Amino acid sequence: MAASRGGRQPQNDGYRTLSLSGHVGFGSLPDQLVKKSIKQGFCFNILCIGETGSGKSTLINSLFNTNFDDPVSSHFLPSVHLRAQTYELQESNVLLKLTIVNTVGFGDQINKEDSYQPIVDYIDAQFEAYLQEELKIKRSLFSYHDTRIHVCLYFVSPTGHSLKTLDLLTMKNLDSKGHLPFAVVGSTEEVKIGNKMVRARQYPWGIVQVENENHCDFVKLREMLICTNMEDLREQTHARHYELYRRCRLEEMGFRDIGPENKPVSLQEAYEAKRHEFYLELQRKEEEMRQQFVQRVKEKEAVLKEAEQQVHTKFEHRMLMHQEVKLKLEKKKKVLEDEIAMFIEKKANAELLQSQASVSTPLVSLKRDKDRKNSSFT
């Protein structure tokens, strides 16, 4: 036994607290975690929301003391789309995989009512991608490139007026999606003040020093965002925002921790219940589709039968018309045949009369000649 009988403490919540009589070694666990984290590296994802030209790229360059060479965006895009770019940064022996997501075309449209929707859809899409990887049978979360947004920087245009309707709508819809510190002044240009060069932004009314806490909150933002709370933001994204999304999605899929009788339900039971529910729903839909098919077949048969009846009726009508036309033609034929027979008879009579007339004409001529001769002798 590693602990002496006298070192036992009173029982607390079912567990006993024991004191060790010597060195064991698990006190080095924090050092092991540090080594593991340094070896694995870290990832951090920032979503920058703001109108074109509001200083998003400048502030990010100022925060990380580098130039990310973000492409210049146009003011004439028909819709909002998100552009993600990933960089590898190293400070001392710590490797950081930094992803910066920029809202290209945000606030540039005439109708800005739904400009926030692509942003919400993008954040949910990253949660969904992580959830799908998590639900795989063979998953690789250790090497998975986590693209979930850890912090959202919202850039308010320095108009001197109150927040725009678009600002209020966007921040309201992103409230449950991530963390939203407000943006401050940033600059990558150096200005000589006194005897030293400092990063600052020049205005007609004066100079604002980026790292002068009397001028702006840039230093506080960087301390809060990077030096102090970066790991807390990563953890809160996973433990709060992603868990909320995961719970809602699993409930949509039909999974519950508690059954109808308020008793705990295992994942296997929830799966079997959902499977049975799905099977019943499938049967119901199959029966519904079968009934619809039978109904459509009956309707089609009725249509075909009606069409057949119409064709049959038309056929009978045409047959009657054909019979009528045939009778009329037969009558006309009979009349024509009678007329032909009558014509032939008349022709025969005419020919007979003509032949008789041709025979009687020579006899008359002979008689006339005989009479002429007799008269001459006398």
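If you're wondering where the values come from, they're calculated on a predicted model, not measured in any experiment.
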Student: Under a 3.5 Å distance rule, please check whether Asn102 uses its side chain to pair with a backbone N or O of Val104 as donor and acceptor.
Tutor: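 It does not hold such a pair.
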
Student: Are the side chain of Thr228 and the backbone N or O of Glu223 linked by a donor-acceptor pair below 3.5 Å?
Tutor: yes

Student: What I'd like to find out is whether the side chain of Tyr122 reaches to under 4.5 Å of the side chain of Ile149, using heavy atoms alone.
Tutor: yes

Student: Are Leu174 and Leu244 linked, directly or through other ILVMFWY residues, by side chains that come within less than 4.5 angstrom of each other?
Tutor: no

Student: So if you build clusters from Ile, Leu, Val, Met, Phe, Trp, Tyr with side-chain heavy-atom gaps below 4.5 Å, do Val94 and Val34 land together?
Tutor: no

Student: May I ask you to decide whether Glu288 forms a salt bridge with Arg284, counting only side-chain N to carboxylate O separations under 4.0 Å?
Tutor: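 The answer is yes: the pair qualifies as a salt bridge.
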
Student: Do other residues, nucleotides or ligands put more than 12 heavy atoms under 6.0 Å from the CZ atom of Phe68?
Tutor: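 Yes, the 6.0 Å shell around CZ holds more than 12 heavy atoms from other groups.
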
Student: Can you tell me if Thr58 uses its side chain to pair, donor with acceptor, with the backbone of Gly55 under 3.5 Å?
Tutor: no

Student: Check the angle between the aromatic planes of Tyr144 and Tyr130 and answer parallel, tilted or perpendicular using the 30° and 60° thresholds.
Tutor: perpendicular

Student: Stepwise, does the side chain to side chain contact (heavy atoms under 4.5 Å, CB included) test hold for Asn65 with Arg222?
Tutor: CA-CA 11 Å; Asn65 281 328; Arg222 186 168 62 186; 3.8 Å; yes

Student: Looking only at heavy atoms, which two atoms of Glu88 and Lys97 are closest? And how far apart?
Tutor: OE2-CE, 4.2 Å

Student: Parallel, tilted or perpendicular: which one describes the rings of Tyr245 and Phe127, with boundaries at 30° and 60°?
Tutor: tilted

Student: Is there side-chain contact between Phe64 and Ile46, with at least one heavy-atom pair below 4.5 Å?
Tutor: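 Yes, their side chains come closer than 4.5 Å.
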
Student: Determine whether Glu301 and Lys298 satisfy the following criterion, salt bridge (charged side-chain N to carboxylate O under 4.0 Å, His left out), listing intermediate values before the conclusion.
Tutor: CA-CA 5 Å; Glu301 286 179 347; Lys298 289 181 179 179; over 6 Å; no

Student: So does Arg234 pair up with Glu231, basic N to acidic O under 4.0 Å?
Tutor: yes

Student: With a 4.5 Å cut-off on side-chain heavy atoms, are Ser57 and Ile60 touching?
Tutor: no

Student: How long is the straight-line distance from NE2 of His81 back to CZ of Phe106, given to the nearest 0.5 Å?
Tutor: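 One gets 14.0 Å once the value is rounded to the nearest 0.5 Å.
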
Student: Going by heavy atoms in the side chains, are Cys43 and His150 under 4.5 Å from each other?
Tutor: yes

Student: Look up atom OG in Ser54 and atom CG in Leu59, then write down how far apart they are to the nearest 0.5 Å.
Tutor: 9.5 Å

Student: Between Gln40 and Phe142, is there a side-chain heavy-atom distance shorter than 4.5 Å?
Tutor: yes

Student: Under a 3.5 Å threshold, yes or no: a donor from one side chain and an acceptor from the other, between His312 and Glu316?
Tutor: yes

Student: Using a strict threshold of under 4.0 Å (side-chain N to carboxylate O), is an ion pair present between Lys334 and Glu337?
Tutor: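 No, this pair does not count.
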
Student: Flag the pair Leu169 / Lys172 as yes when at least one side-chain heavy-atom distance between them is below 4.5 Å, and no otherwise.
Tutor: no

Student: Check whether any side-chain heavy atom of Ile100 sits under 4.5 Å from a side-chain heavy atom of Cys48, and report yes or no.
Tutor: yes

Student: Starting from Leu131, can I reach Leu141 by hopping between I/L/V/M/F/W/Y residues whose side chains sit under 4.5 Å apart?
Tutor: yes

Student: Distance only, no hydrogens: is a donor on one side chain within 3.5 Å (strictly under) of an acceptor on the other, for Gln283 and Tyr279?
Tutor: yes

Student: Closest approach of Thr99 and Ala84, non-hydrogen atoms and distance?
Tutor: CG2-CB, 4.3 Å

Student: When Leu82 is tested against each of Val101, Asp121, Ile123 for side-chain contact (heavy atoms from CB on, under 4.5 Å), which residue passes?
Tutor: Val101

Student: Taking 4.0 angstrom as the limit, do Lys333 and Glu330 come out as a salt bridge?
Tutor: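 Answer for the salt bridge query: no.
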
Student: Take Lys300 and Leu304 through the side chain to side chain contact (heavy atoms under 4.5 Å, CB included) test and state the conclusion after the steps.
Tutor: CA-CA 6 Å; Lys300 193 67 175 179; Leu304 292 175; 4.3 Å; yes

Student: Under the side chain to side chain contact (heavy atoms under 4.5 Å, CB included) criterion, do Leu63 and Leu153 qualify, and how do the steps go?
Tutor: CA-CA 12 Å; Leu63 283 173; Leu153 297 177; 4.2 Å; yes

Student: Flag yes if more than 12 heavy atoms outside Arg83 fall under 6.0 Å of its CZ atom; otherwise flag no.
Tutor: yes

Student: Taking all non-hydrogen atoms of both residues, which atom of Asp114 and which atom of Pro118 are closest, and how far apart?
Tutor: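 Result for this residue pair: O-CD, 3.4 Å.
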
Student: When rounded to the nearest 0.5 angstrom, what is the spacing between CG in Asp167 and CD in Glu51?
Tutor: 7.0 Å

Student: Check whether any side-chain N or O of Glu133 sits under 3.5 Å from a backbone N or O of Ser140 as a donor-acceptor pair, and report yes or no.
Tutor: yes

Student: May I ask whether Leu95 and Met230 are part of the same hydrophobic cluster, defined by side-chain heavy atoms of I, L, V, M, F, W, Y residues being less than 4.5 angstrom apart, directly or through others?
Tutor: no

Student: Roughly how far apart are Thr237 OG1 and Asp146 CG, rounded to 0.5 Å?
Tutor: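 CG of Asp146 is found 8.5 Å from OG1 of Thr237.
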
Student: Can you tell me how far apart CD (Gln309) and NZ (Lys305) are? Round to the nearest 0.5 Å.
Tutor: 8.5 Å

Student: I would like to know whether Glu134 and Arg246 meet side chain to side chain contact (heavy atoms under 4.5 Å, CB included); could you show each step before the answer?
Tutor: CA-CA 10 Å; Glu134 193 178 51; Arg246 177 178 177 273; 3.2 Å; yes

Student: With no hydrogens and no angle check, do the side chains of Gln291 and Gln295 hold a donor and an acceptor under 3.5 Å apart?
Tutor: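 There is no such pair (donor and acceptor under 3.5 Å, judged by atom type) between the side chains of Gln291 and Gln295.
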
Student: Would you give the length of the straight line joining atom CZ of Phe315 to atom CG of Leu320, rounded to the nearest 0.5 angstrom?
Tutor: 10.0 Å

Student: Kindly indicate, with the supporting measurements, whether the criterion salt bridge (charged side-chain N to carboxylate O under 4.0 Å, His left out) is fulfilled by Glu299 and Arg296.
Tutor: CA-CA 5 Å; Glu299 291 175 356; Arg296 288 181 180 179; over 6 Å; no

Student: Met171, Leu166: one ILVMFWY side-chain cluster at the under-4.5 Å cut-off?
Tutor: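 Yes.
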
Student: Compare all side-chain heavy atoms of His145 with those of Thr86 and state whether any distance is below 4.5 angstrom.
Tutor: yes

